[in-house]
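FYI, the numbering just counts along the sequence from 1.
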Amino acid sequence: MYKQFLKEPLWFKVLVLTTLVISIVFSGSVFSSSVQSIAKFAAAVFFCTYAIKFRRIVKVSVAFYVLAGLCLFVAWGRL
């Protein structure tokens, strides 16, 4: 999996790593509710990115889209 990640284009690596770091850092209880919503939106972007990447494997893609939708639902509830 790591070797496959290294073969991806630079924009994909930057997008995935940035959204992952944002979702981890800002999801802490120290931050306010609106900042935690930003973390959930970042997680949704992360899952959508991988859903698009794995679009030929339908079950995996649907699972990532469901996770992204769940993140958006939770983020919307905190606004």
Side-chain angles (χ1 to χ4, degrees):
M1 188 77 178
Y2 180 71
K3 288 182 181 180
Q4 181 181 0
F5 180 75
L6 291 178
K7 293 178 184 178
E8 298 296 334
L10 182 62
W11 66 268
F12 183 81
K13 292 178 199 175
V14 169
L15 178 67
V16 166
L17 290 176
T18 304
T19 57
L20 183 62
V21 168
I22 288 172
S23 65
I24 290 171
V25 169
F26 291 137
S27 64
S29 62
V30 176
F31 296 104
S32 68
S33 175
S34 60
V35 175
Q36 289 179 355
S37 291
I38 292 171
K40 302 298 185 281
F41 283 123
V45 171
F46 175 81
F47 288 131
C48 279
T49 303
Y50 271 104
I52 293 169
K53 180 177 175 10
F54 290 115
R55 66 185 171 269
R56 294 189 178 156
I57 307 171
V58 177
K59 290 181 182 178
V60 174
S61 180
V62 167
F64 278 126
Y65 279 126
V66 168
L67 287 172
L70 183 65
C71 288
L72 289 174
F73 178 74
V74 171
W76 187 262
R78 289 187 172 250
L79 288 178

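Proximity of a side-chain donor or acceptor of Ser37 to a complementary backbone N or O of Ala75 within less than 3.5 Å is detected. Under the 3.5 Å distance criterion, the side-chain polar atoms of Ser27 are matched with a main-chain donor or acceptor of Ser23. Listed for the Thr18 side chain is no donor-acceptor partner under 3.5 Å among the backbone atoms of Leu15. The closest donor-acceptor contact from the side chain of Thr19 to the backbone of Val45 lies at 3.5 Å or more, if one exists at all.
In this structure, OG on Ser33 lies 10.5 Å from CD1 on Ile38, to the nearest 0.5 angstrom. One distance of note links CZ of Arg55 with OG of Ser61; it measures 9.0 Å at 0.5 Å rounding.
Residues Phe73 and Tyr65 do not share a hydrophobic cluster, defined by chaining ILVMFWY side chains whose heavy atoms lie under 4.5 Å apart. One hydrophobic cluster, built from ILVMFWY side chains closer than 4.5 Å, cannot hold both Val62 and Leu67; they sit in different ones. Residue Val14 is not grouped with residue Tyr50 when hydrophobic side chains (ILVMFWY) are merged at heavy-atom distances under 4.5 angstrom, including chains of intermediate members.
Between Phe41 and Phe26, the gap from one ring centroid to the other reaches at least 6.0 Å.
What you find for Phe31 and Gln36 is that their closest heavy atoms are O-NE2, 3.5 Å.
Taking the side chain as every heavy atom from C-beta outward, Phe46 and Phe64 never approach each other to under 4.5 Å.
Partners of Lys13 under the salt bridge (charged side-chain N to carboxylate O under 4.0 Å, His left out) rule, at least two apart in sequence or in another chain, do not exist in this structure.
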